[in-house]
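This report refers to the structure that appears directly beneath it.
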Amino acid sequence: MTKNIPILSSQLNIFFILSFFIIIFISGEAHGFAKALDEKLFGLNKEKFTHLRLFWHDILSGTSPTAVQVVPPNANSSTAFGLMNMIDDPLTEGPELSSKMLGRAQGFYAAASQQEVGLLMAMNFAFIEGKYNGSTFTVLGRNTVFSKVREMPVIGGTGVFRFARGYVQAKTYKFDQNSGDATVEYNCYVLHY
């Protein structure tokens with residue numbers, strides 16, 4: 001009986017080694033915690049290129065502001081350095097707030113430059129209309145608000161915009177210096193599946 005134990009042990013070792021290689025062979029390319037997947041299994045057939053034109057309404061005034069200051073600026077700063085506003089801004093089809101609502105821009109912006117009014121923008125464009133209803137894409141980048149046109153990257157998305165990448169161009173349509181309210185035209189160029 002004791003003579004059979006080493007033979008049984010070596011047979012088990014060979015069985016486990018072969019099983020390991022068979023599993024790797026069947027499951028495809030494996031690197032411990034990650035493996036290559038077939039894109040078609042996730043509906044990633046043909047990439048689309050979409051252009052959206054919409055208007056972003058940042059409302060600081062009135063009884064229902066859509067942008068609220070959460071951190072005040074440095075008192076000695078001419079660029080509002082340190083300011084941070086949380087936003088839930090309407091996105092509309094036209095420049096008037098009364099035009100068709102397409103979704104909301106939700107996130108924050110912060111004054112991140114001491115030399116000019118330059119904002120760090122981090123926001124999700126969350127859509128509520130048509131085939132984009134329930135889908136989002138994320139904009140994260142630098143916005144020098146007094147430049148005629150500002151460009152920021154699109155870094156991801158959900159729903160229709162899954163695996164999104166691209167950029168947006170922002171152009172101020174209207175700015176009220178007294179209230180701080182602004183309407184900005186966004187042209188969004190998004191690659192997605």
Side-chain angles (χ1 to χ4, degrees), residues 50-162 164 166-190 192:
T50 301
H51 171 242
L52 297 124
R53 179 178 177 250
L54 43 88
F55 290 84
W56 178 89
H57 301 270
D58 195 46
I59 304 164
L60 296 154
S61 65
T63 57
S64 297
T66 63
V68 177
Q69 185 180 100
V70 292
V71 178
N74 179 329
N76 299 324
S77 175
S78 62
T79 64
F81 181 69
L83 167 92
M84 183 181 205
N85 282 2
M86 194 63 57
I87 63 169
D88 186 16
D89 289 344
L91 298 172
T92 62
E93 191 171 56
E96 300 306 319
L97 187 55
S98 60
S99 67
K100 184 177 184 180
M101 176 81 76
L102 301 175
R104 302 196 75 85
Q106 298 170 327
F108 68 89
Y109 56 82
S113 176
Q114 295 185 64
Q115 289 74 39
E116 62 184 325
V117 180
L119 303 177
L120 164 65
M121 307 285 291
M123 57 187 169
N124 294 314
F125 282 17
F127 294 92
I128 60 168
E129 186 59 40
K131 71 178 183 179
Y132 304 118
N133 184 23
S135 298
T136 69
F137 63 77
T138 302
V139 176
L140 175 67
R142 184 170 188 260
N143 181 353
T144 53
V145 296
F146 293 121
S147 297
K148 185 174 180 177
V149 178
R150 291 88 66 193
E151 191 171 290
M152 294 168 277
V154 170
I155 62 165
T158 65
V160 171
F161 296 112
R162 192 173 291 143
Y167 67 98
V168 300
Q169 289 181 328
K171 183 177 179 183
T172 303
Y173 179 82
K174 180 171 59 174
F175 176 67
D176 183 327
Q177 286 187 310
N178 294 324
S179 66
D181 293 353
T183 301
V184 179
E185 178 184 350
Y186 272 82
N187 279 286
C188 312
Y189 302 91
V190 185
H192 58 96

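Nothing fancy with the numbering, it's 1 onward along the sequence.
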Using 0.5 Å steps for rounding, measure from the [atom1] atom of [X] to the [atom2] atom of [Y].
X	Y	atom1	atom2	value
Q106	M86	CD	CE	11.0 Å
K100	L54	NZ	CG	12.5 Å
C188	Q169	SG	CD	9.5 Å
T183	F55	OG1	CZ	8.5 Å
N124	T138	CG	OG1	4.0 Å
L83	L119	CG	CG	7.5 Å

Legend entry - Parallel, tilted or perpendicular: rings of F127 and F137 (30°, 60°): tilted

Legend entry - salt bridge (charged side-chain N to carboxylate O under 4.0 Å, His left out) partners for D176, two or more places apart: none

Inset, instruction - Test V145 against F175 for side chain to side chain contact (heavy atoms under 4.5 Å, CB included), laying out the working first. - result: CA-CA 11 Å; V145 296; F175 176 67; over 6 Å; no

Inset, instruction - Evaluate the side chain to side chain contact (heavy atoms under 4.5 Å, CB included) criterion for residues H51 and N187: first the C-alpha distance (whole Å), next the side-chain angles of each, then the deciding distance (0.1 Å), finally the verdict. - result: CA-CA 7 Å; H51 171 242; N187 279 286; 2.7 Å; yes

Legend entry - Non-neighbouring partners of F81 that pass ring pair (Phe, Tyr, Trp, His ring centres under 6.0 Å), sequence neighbours left out: none

Grab the two heavy atoms, one from [X] and one from [Y], that are nearest each other, plus how far apart they are.
X	Y	value
A67	I87	CB-CG2, 3.9 Å
A111	A80	CB-O, 3.0 Å
E93	S99	N-OG, 3.8 Å
R142	T144	NH1-CG2, 3.1 Å

Taking [X] for the side chain and [Y] for the main chain, is one N or O donor matched with an acceptor at less than 3.5 Å?
X	Y	answer
T158	T136	yes
T79	S113	yes
R104	A126	no
S147	R150	no
D181	S61	yes
H192	V160	yes

Measure the shortest side-chain to side-chain distance between [X] and [Y] over non-hydrogen atoms and say whether it is less than 4.5 angstrom.
X	Y	answer
V184	D58	no
P95	K174	no
P65	L60	no
M101	E129	no
I59	L97	yes
E116	F146	no

Inset, instruction - Consider only side-chain N and O atoms of T66 and H57, and report whether a donor and an acceptor are under 3.5 Å apart. - result: no

Inset, instruction - Starting from the C-alpha separation in whole Å, work towards a yes-or-no answer on side chain to side chain contact (heavy atoms under 4.5 Å, CB included) for F161 and V154. - result: CA-CA 10 Å; F161 296 112; V154 170; over 6 Å; no

Legend entry - Y186/F125 aromatic ring centres below 6.0 Å: yes

Inset, instruction - Would you please test L120 and L140 for side chain to side chain contact (heavy atoms under 4.5 Å, CB included) and show each step? - result: CA-CA 7 Å; L120 164 65; L140 175 67; 4.0 Å; yes

